[in-house]
Every structure is written in C-alpha cells, then in structure tokens.
Amino acid sequence: MSALRPGEPGELPAPDKAVYQVGEVAERVRLSHRTVRYYDDQGLLSAARSAGNYRLYSESDIERMLTIRRMKPLGFSLDEMRHVLGVLDRVDRESARAPELELELRRAIDDVRERRDELAEKVAGADDFLAALRARLP
DNA sequence: ATTCTAACA
DNA sequence: TGTTAGCA
C-alpha cells in the first residue's frame, strides 16, 4: 500500500530481506504498531533502517515477533523474553548439542510449562466462578 | 500516506 | 499502551 516502501515494485523475494514496515508487521502479528516499536526499542528485535530512518523488518523478524507474542500472555518480562530469544538463537545456529545450551533449553521448557500450569489453574478457577454465578440464575 | 521521536488532559 | 504533536 505504501508508495514509499523501499524495493516494493519488482524485487525478488530474497529469503530474509528486511522489507516490511512497522504497520504491516503490526497487522501481521496482531500487535499495535506502538507495541512493535516498543519491543524493537527494547532490543528484542534487530530491525534494519531505511534511508528515511523507517524500521524495516524481515520474515525472520516477524517470526521473532510471533515468538514474543506467545510469551507475552505467559507473563514473561522483557528481560526474560530477551533471554529465551537468545537461547533460541543459539539453538537455531549451533543446535542444542552443547550441554550447557541443552540445559538452558530445558530450563526454558520447564519455565514455560510452569507458566502454562499456572494459567490452567486460573482457567479452572474461572470455571468454578462461572458455575457459582450460573447457580444463582433463576 | 506512513513512520519517526518524545512526551503526557 | 494509547495518543498526540510536529517532522521528514
């Protein structure tokens, strides 16, 4: 839509070229543009910049944003997200063969599972509450 | 038209 | 997180 999007007309899909502006990314990952910029400023992503200083995101940046979006409802702080993303980066590059890396990955898995269980507890509590409210219906 | 930074009735 | 202002 933007006439200013760099390289829009006819540039072949280089696998991981940064071509998406913040608005398009926000739409695709369903976060506000404000939130995308905020995560960017906090160093959770490494967006490129256009000549006009516009943020430019690649396909892998979008995947990263989606990972962040998954951690968000689990209550990860930005620091915790940064850490997990770092672990995933290393795993994706050198695999989890190194023992300390494997340990980090296992810790992340345990962390997410614990948060998942806490959410499940809340859902169970909500179900109980719903039942109590419905019991008051005439 | 879209994004940028900075700041807060 | 939203929103606004003043630019580029």
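Each chain gets a letter, A, B and so on, in the order the sequences are listed, and its residues count up from 1.
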Enquirer: Expressed in angstrom and rounded to an integer, what is the separation of R49(A) atom CZ from dC4(B) atom C1'?
Expert: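 Atom CZ in R49(A) sits about 8 Å away from atom C1' in dC4(B).
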Enquirer: Do the side-chain N and O atoms of D40(A) and Y57(A) include a donor-acceptor pair separated by under 3.5 angstrom?
Expert: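 Side-chain D/A pair, D40(A) to Y57(A): present.
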Enquirer: Looking across every strand, which nucleic acid part, if any, lies under 4.0 Å from G52(A) by heavy atom: base, sugar-phosphate, or nothing?
Expert: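 Counting heavy atoms under 4.0 Å across all strands, no contact is made by G52(A).
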Enquirer: Under 4.5 Å between any side-chain heavy atoms of Q21(A) and R55(A), yes or no?
Expert: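 A side-chain contact under 4.5 Å is absent here.
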Enquirer: Going by purine N1 to pyrimidine N3 plus the second Watson-Crick contact, or the G-U wobble pair, all under 3.5 Å, which nucleotide sits opposite dT2(B)?
Expert: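 By the stated definition (distances under 3.5 Å), dA8(C) pairs with dT2(B).
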Enquirer: Specify the separation, in whole Å, of atom CD of Q21(A) and atom C1' of dA1(B).
Expert: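 Result: 10 Å.
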Enquirer: Return the value, rounded to whole Å, for the distance between atom OH of Y54(A) and atom C1' of dA8(C).
Expert: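 Computing the Y54(A):OH to dA8(C):C1' distance gives 7 Å.
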Enquirer: Are there over 12 heavy-atom neighbours, none belonging to E94(A), within less than 6.0 Å of that residue's CD?
Expert: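 It does: E94(A) CD has more than 12 such atoms within range.
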Enquirer: Nearest-Å distance, CG (D40(A)) to C1' (dA6(B))?
Expert: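 The answer, rounded to whole Å, is 16 Å.
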Enquirer: Give a yes or no on whether the backbone of V29(A) and the side-chain of R69(A) come within a donor-acceptor separation of less than 3.5 Å.
Expert: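 A pair under 3.5 Å: yes.
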Enquirer: Taking NE2 from H33(A) and P from dT5(B), how many angstroms apart are they, rounded to a whole number?
Expert: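 So the two atoms are 13 Å apart, to the nearest Å.
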Enquirer: For R37(A) and dT3(C), give me the distance from atom CZ to atom P, rounded to whole Å.
Expert: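 My rounded result for the distance is 13 Å.
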Enquirer: Nearest to the side chain of N53(A) - dG2(C), dT2(B), dT5(B)?
Expert: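 Nearest nucleotide to the side chain: dT5(B).
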Enquirer: Using Watson-Crick or G-U wobble geometry with both distances below 3.5 Å, tell me the partner of dT1(C), or none.
Expert: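 With both distances under 3.5 Å required, dT1(C) matches none.
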Enquirer: Before giving the answer on salt bridge (charged side-chain N to carboxylate O under 4.0 Å, His left out), spell out for R107(A) and D111(A) the whole-Å C-alpha distance, their side-chain angles and the decisive distance to 0.1 Å.
Expert: CA-CA 6 Å; R107(A) 282 178 175 153; D111(A) 188 8; over 6 Å; no
Enquirer: With a 4.0 Å cutoff (strictly under), does any side-chain N or O of S32(A) reach OP1 or OP2 of dG2(C)?
Expert: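 So the side-chain polar atoms of S32(A) do come within 4.0 Å of the phosphate oxygens OP1 or OP2 of dG2(C), strictly under.
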Enquirer: On the side chain of Y38(A), is there an atom forming a donor-acceptor pair with the base of dT1(C) - under 3.5 Å, no angle test?
Expert: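 Answer is no: no donor-acceptor pair is held.
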Enquirer: Does the dT3(B) base have a donor-acceptor partner in the side chain of R55(A) within less than 3.5 Å?
Expert: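 Per atom types, no contact qualifies.
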Enquirer: Rounded to the nearest angstrom, tell me the gap between atom CD in E24(A) and atom P in dA1(B).
Expert: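 Value for this atom pair: 18 Å.
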Enquirer: When the nearest nucleotide of DNA chain B is assigned to R34(A) and to G23(A) on a heavy-atom basis, which residue is associated with the more 5' position?
Expert: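 The residue mapped nearer the 5' terminus is G23(A).
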Enquirer: Could you check how far CG of D41(A) sits from C1' of dG2(C), rounded to whole Å?
Expert: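 Value for this atom pair: 16 Å.
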